[in-house]
Number of protein chains: 2
Amino acid sequence: MSPDTFNTSKEILSYKDKIIPMLKNLLETEMKEYIQLISLKKNDFLVREGEVCHYYYFVLEGILRNYYIKDGTEITTNFDFPNDIAANFTSLVLQQKSIGYIQAMTPCKIYRMKASDFDEIKAQNPLMQQIKEILVSGYVILLEERLYSMQFRTAAERYHFMLERYPHFLQQIPLTYIASYLGISLETLSRIRAK
Amino acid sequence: MSPDTFNTSKEILSYKDKIIPMLKNLLETEMKEYIQLISLKKNDFLVREGEVCHYYYFVLEGILRNYYIKDGTEITTNFDFPNDIAANFTSLVLQQKSIGYIQAMTPCKIYRMKASDFDEIKAQNPLMQQIKEILVSGYVILLEERLYSMQFRTAAERYHFMLERYPHFLQQIPLTYIASYLGISLETLSRIRAK
DNA sequence: GGGCACATTTGACATATGTCAAATAAAAAC
DNA sequence: GTTTTTATTTGACATATGTCAAATGTGCCC
């Protein structure tokens, strides 16, 4: 497939439906030799504070939580569901020690690929190059959205936005973690929900 | 120069010092035919709400402010200084109408390049491909940092963090805009500063 | 099914931050 | 230099959210 196969703009909007299944398929066929399937039990760690993250992870089953510890309190930064790419971006890209953890909230099945292998493949394979670009662009758009949401929305607005955008969060994630993810206390979240 | 010239991790940390001058040089030589130099007067707009952003901008001189309007109030999301790349990422990548403005706070000189031209060059030129990757990665790291900062830091902590990281902001940007950028009211910022 | 751990809600109060209005201070215009 | 505009500070008070403690609810283990 040529590098011009995609119109990036269109693809990002639907990357969950198209790019991710394509990537999964590539991982399971052409790239088979570069990936390992790993299993996690509930509460196992994928990444720990102080470690350098060397892998990209592709979540097949289960839910993971990204968090770090500030003044003894866990700050939840993200959740990874099936078909999400999990990684500590900063640690991976800068090859710095991670300041956070990625922990399994449920039993998980995950493909992992060494970042160095991925980079090599990418240099030879324009399609993989483009897939990465689309995924990273999608991540930037998501981060901007979350950032501006934190900057000017009230706690209640952020909660309702999350409900609309990620209704599955509520069914599968304890409120303590959701509160932390939204940047509010558990009690405030509970009161918002009471209305 | 081959695509393996860079070790991405190292380069991101110093991209302001190395990658940006290199990019500027490329723009002024090899890519000369693809760029235009534009001048803005104070308060001119580079991007307006409702327009689709078709260009990447490279700031040569001057300062710009990115903001959008929510319920009649301006929310400042970013500032662009010389040697920054300015663009509305979401609008550019998704080819959607921009929800925000980019406005000159001072007279500006700026190179612009059509995103479509850039994409073509990039497909032929591994170095440009890599430069883009480094710049986008740097942007992701910055966004994550800002997001987590908004999520758990107090207004005072965010202000002091900004002071440390971007001391030039304070010298050149009115406090109203800094307050909005930090997600706090002008009065609160003033009180934080009073201490 | 009773008991235990964990999750969620509720209440009372503390604190951070916002809002509105006015007072200064600083900058720009004339 | 004086006036006018804009930026910043300050005060008084309102509101949102946090904190601590206790009560209630829920699922799980034996």
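In what follows, chains carry the letters A, B, and so on, assigned in the order in which the sequence lines appear, proteins first and then strands, with residues in each chain numbered from 1.
With B:Phe79 as reference, B:Phe169 is the one residue of B:Phe169, B:Tyr166, B:Tyr177 to meet the ring-ring contact (aromatic ring centres under 6.0 Å, His included) rule.
Annotation for A:Glu164: atom CD does not count as buried by contact number, only 12 or fewer foreign heavy atoms lying within 6.0 Å. Around atom NZ of B:Lys42, no more than 12 heavy atoms belonging to other residues, nucleotides or ligands sit under 6.0 Å away.
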Below 3.5 Å between N/O atoms, which protein atoms pair up with nucleotides 20-23 of chain D? Just atom names and distances, please.
{"residue": "D:dC20", "atom": "N4", "partner": "A:Glu187", "partner atom": "OE2", "Å": "3.0"}

Protein-nucleic acid N or O pairs under 3.5 Å, nucleotides 25-30 of chain C:
none

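B:Leu189 has its CG atom 15 Å from the C1' atom of C:dA16, to the nearest Å. Rounded to whole Å, the distance from CG on A:Asn43 to C1' on C:dA5 is 14 Å. For the pair A:Leu186 CG and D:dG18 C1', the computed distance is 12 Å after rounding to whole Å. Rounded to whole angstrom, the span from the CG atom of A:Leu182 across to the C1' atom of D:dT17 amounts to 13 Å. Rounded to whole Å, atom C1' of D:dA7 lies 13 Å from atom CE of B:Met105.
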Applying side-chain contact (heavy atoms from CB on, under 4.5 Å), run through B:Tyr159 and B:Arg193 and close with a yes or a no.
CA-CA 9 Å; B:Tyr159 172 71; B:Arg193 283 161 50 75; 3.1 Å; yes
Take A:Glu30 and A:Leu127 through the test side-chain contact (heavy atoms from CB on, under 4.5 Å) and record every step on the way to the result.
CA-CA 12 Å; A:Glu30 285 182 49; A:Leu127 176 59; over 6 Å; no
Run the side-chain contact (heavy atoms from CB on, under 4.5 Å) test on B:Ile173 and B:Thr76 for me, step by step, so that the C-alpha distance in whole Å, both residues' side-chain angles and the decisive distance to 0.1 Å come before the verdict.
CA-CA 12 Å; B:Ile173 302 171; B:Thr76 296; over 6 Å; no
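Judged by distance alone, the side chains of B:Arg65 and B:Tyr181 never bring a donor and an acceptor atom under 3.5 Å apart.
Residue B:Arg193 places no side-chain N or O under 4.0 Å from the OP1 or OP2 atom of D:dT8. Between D:dT9 and B:Ser190, a contact under 4.0 Å exists linking OP1 or OP2 to a side-chain N or O. Contact between the side-chain N/O atoms of A:Ser185 and the OP1/OP2 oxygens of D:dT17 is not found at any separation under 4.0 Å.
Less than 4.0 Å separates DNA chain D from at least one heavy atom of each of the following residues of residues 144-179 of chain B: B:Pro174, B:Leu175, B:Thr176.
Classification of the A:Tyr68-B:Tyr148 ring pair by plane angle, with boundaries at 30° and 60°, yields tilted. Taking the six-membered ring for Trp and thresholds of 30 and 60 degrees, A:Tyr55 and A:Tyr57 have ring planes inclined between 30 and 60 degrees apart. Classified by interplanar angle (parallel below 30°, tilted 30° to 60°, perpendicular above 60°), the ring pair A:Tyr67/A:Tyr101 is parallel.
Between A:Tyr34 and A:Phe118, a ring centre-to-centre spacing not shorter than 6.0 Å is recorded.
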